[in-house]
Amino acid sequence: MGFWFKKNKEEYPDFWKEYEKLFDRKSKKSTFKDVRFVAFDTETTGFDYDNDRILSIGAVGIKNKSIQVSDQIEVYLEQEIFKESTVEIHGIRKHGSLLKLSEKEALRLFIAYIEDAILIAHHANFDKKMVNKALQRNGLGVLKNKILDTAVLFKKTKHLVYHTNSPVHYSLDELCNDLKISKSDRHTASGDAYITAIAFLKIVSKLFRNKKIELKSLLR
Amino acid sequence: MKNTIAERIQDFLKEFPPFDILKKEELLAISGQIRVLYVEKGEHVFKQDTLCHDEFYIVREGAVGLYRNTSNEEDLVDICDAGDLFGLRIMIIKKKYRMSAKADEESIVYAIPGQVFEPLIEQNIKVNKFVLSTFASHARHYYTETEKGNRIDNTISIEVAKDLSELRSITYRKKPLTCLSDDSVEVIAKKMTARNTSYAVVVNEDKYPVGIITDIDLRAKVLTGTYAIGSLASEIMTSPVITYAKKLTVAEAQIALIKHDVNHLCITKDGTRNSKLIGILSEHDLLVSFGNNPSVLIKEAKRVKKTQKLRYIRTQVKKLLKTYLDQDIPTPHLLHIISEINEALIIRVIELALDEMKTAPPVKFSFLVLGSQGRGEQLLLTDQDNAIVFEDVDDKDYKTTQNYFLELAYKITKGLHTIGFEYCPAEMMASNPRWCMSVSNWESQFKDWMIKPTEEGTLLSSIFFDFQCVFGDTVMVDKLSKVVFDGVNKSNRFLGMLGVSALQKPSPLGFFNRFLVEQNGEHKDSFDIKSRAMMVLIDAARILTLHHNVKSINNTLKRYEKLAELEPNNAAIFESCAKAFRVLIKFRTRQGLLHNDSGRFIDLNTLTKEDKLRLKRCFRPIRDIQEILRVRFQLKSLM
């Protein structure tokens, strides 16, 4: 894409400018104890970045090894694109009773909510790209947050011996089984975000058993 | 905004007390404020001697152990599994943690902030009760563990429980006895006697309290001859009076009485002497509200004018019972005190019922209590079993006489029900014409049971043999017992039938020494402590004492004592039976207090291993005593 697609910064709405400003302060010293993490998940109409749409976003905050239930967001999006085939996975119907927001409003709430937290998602690349695509469709920039992938982190907990025989990608279900996490509420954005958060806490304590948790080594 | 996570947390919490009593919205509000902690095995949620967090915890998954650290040891006090709370008491009293909470396996724990929960303790009576009961139930734990550390925690928690109750406002007596300053002492003394009070408040025309006359004034000023009996109230009254407004807490009232060195506080409309008198509060009322003094409770029972008030006394008795259990008061003493109070309550109910009747009883009568009440073994309120015996009348008057007593009995049983004695499901109550008869009819009824022992007959007579007269003519009752005992002596077969029914009680343990639980019905999977353990001991004691023709001992423990005396060769067995019975009755009472029921059905999952062992130890004497019955009455041939 050419540089002429790049928007002038002045044209961004206020909330986006606020959001970007949070990342201006360079090399802010923070520790695992006081940094805010946000585990999030999106439910979509499918896996095509260009043609599929986000139906809901769920996210929950984590601070100092505990999930803050009050620090959460759960939004449902009004979308023109709709696929009958995925309804049975996420259970969101086109004209269901849930209160739905426009994509733009939902993104605004999500961006205002996450602030500069370190994001956590399972197979984070997918969720990140879906969100970025949506942001761009609405004339906004891309996510600036650091993002951790529980699938990648989980692999680190496994001994090298197991790497050869193990799948390249651990699904969230496999992760749940291995970490003994109850799988209720799978396939709702908030439910998966919560499971991801629990998985993150379990993985972190496996990685740093009896050691102080270093944020730096986590982000590496 | 929708919060699926909070909804899921609510789904979990609503299964466990105290959250199960909250409204959906309240619980959802709490769930939305929770922190979810993940703790690895060996990781602490909190450590002993650190300042308590402003939150308490409930285990979602895994297990958290509570440990008490002494100089170099670490003792496990309790293990909390899914749904168990910890850290609640300490959060309320805001002190340092007395124990450490450490994950025994990897666990997920919900942390509930005090600021969202504490308002509920104040607003919701049920939550408040739950919190108080956690204080009490932790105190209970201490009996199974004799280590010193727990004792400290125990006394502190009781103190706190008391603190909370002292903060509630006290109920004062409305419509106090009043008189005018120009009434004569004689008139006032008569009024006080009629109302059975120890005071009269002297008021002016506007009903402002100006002075008070108490028993002490009468004794010190009139009986000494200083003042004549015709003196005026204004001459002997103590003035001024101490006044307070009606919103007075128990603690404030206590302090006020001590500070002013008085026995009565006048409650006025605005709390000053220059407003209308609306009530009075005596030291006695205060003691009743504490519920820790049996003699005060009995005294109060004798004065009460309404059945509903008696119910309050009964709830105080429950409190007293809890305290006594915690103090490990010997069982015989405990039984004695509680049945004395129960008796006082029953007598008062009968008196109130008699007041309600339009006419006096046509002939003499006695009110009998049967079953556990008759044996003086009723600690918790169970069913009411009672009967009325009245004097023989002419045949033509029989129907009307019986109707009179049936009506009376109806009022009595209704009153007892109001206090908390459940109606007997088998209708074994004086309001049933079968249990409201003349002496002669009763005599023939007993004879009938003894000559032709049927199964129903043996069941009924086993209840009726433990009767006790609580009200009315005792001569009639004595006559009736004599008939019964003489009859028993003549009929060994009858004792044999009673023996068979004692042997046919379901046994407590099955193969491999495991508890046998109920297979079906409402109490499926719980252990029936009454019919599987206690009834055999009760029945055996009754049969053997009847066999020895021992009269007038109705209490199971006393019966075993007497039996040990009569049969020295079997004394060891009888003593162990008595001991087992003491343990069982306490066990049942604790269970009953814990679950607020009769304690008869025990959920074995709630028992600790020690508790189970202690229960099992009680079953051995049951087998021994059954063997004695079998041999003595050659029951093999009858079964």
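So you know, we letter chains A, B, ... as the sequences are listed, proteins then strands, and number each from 1.
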Engaged part of A/Leu101 at the chain B interface, taking heavy atoms whose separation is under 4.5 Å:
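Contact with chain B is absent: no heavy atom of A/Leu101 under 4.5 Å.
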Identify which part of A/Ile198 has an atom lying under 4.5 Å from any heavy atom of chain B, answering side chain, backbone, both or neither.
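For A/Ile198, the contact with chain B is made by the side chain alone.
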Reported [atom1]-to-[atom2] distance for the pair [X] and [Y], which is rounded to 0.5 angstrom:
{"X": "A/Ser70", "Y": "B/Arg35", "atom1": "OG", "atom2": "CZ", "value": "10.0 Å"}
{"X": "A/Ser205", "Y": "B/Glu106", "atom1": "OG", "atom2": "CD", "value": "7.0 Å"}
{"X": "A/Ile67", "Y": "B/Tyr110", "atom1": "CD1", "atom2": "OH", "value": "8.5 Å"}
{"X": "A/Glu74", "Y": "B/Thr4", "atom1": "CD", "atom2": "OG1", "value": "3.0 Å"}

Minimum side-chain heavy-atom gap B/Val36-A/Tyr194 below 4.5 Å:
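When only atoms from C-beta onward are counted, A/Tyr194 and B/Val36 do touch, with a gap below 4.5 Å.
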Hey, does B/Asn3 have a side-chain heavy atom less than 4.5 Å from the side chain of A/Val69?
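Yes - at least one pair of side-chain heavy atoms lies under 4.5 Å apart.
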Specify which of A/Gln68, A/Lys65, A/Lys202 makes the most heavy-atom pairs with chain B at under 4.5 Å.
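Ranked by contacts with chain B, first place is A/Lys202.
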Of all heavy-atom pairs between A/Lys180 and B/Glu61, which one has the smallest distance, and what is that distance?
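That closest heavy-atom pairing would be O-OE1, 4.1 Å.
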Atom of A/Ser66, atom of B/Leu37 and distance for their closest heavy-atom approach
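Closest approach of A/Ser66 to B/Leu37, heavy atoms only: CB-CD2, 3.1 Å.
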Would you tabulate the side-chain donor-acceptor contacts of residues 18-34 of chain B under 3.5 Å, counting partners in other chains and residues two or more places apart, or write 'none'?
residue : atom : partner : partner atom : Å
B/Glu26 : OE1  : B/Lys23 : N            : 2.9
B/Ser31 : OG   : B/Leu27 : O            : 2.8

B/Lys102 atom NZ: more than 12 heavy-atom contacts under 6.0 Å
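More than 12 heavy atoms, drawn from other residues, nucleotides or ligands, come within 6.0 Å of this atom.
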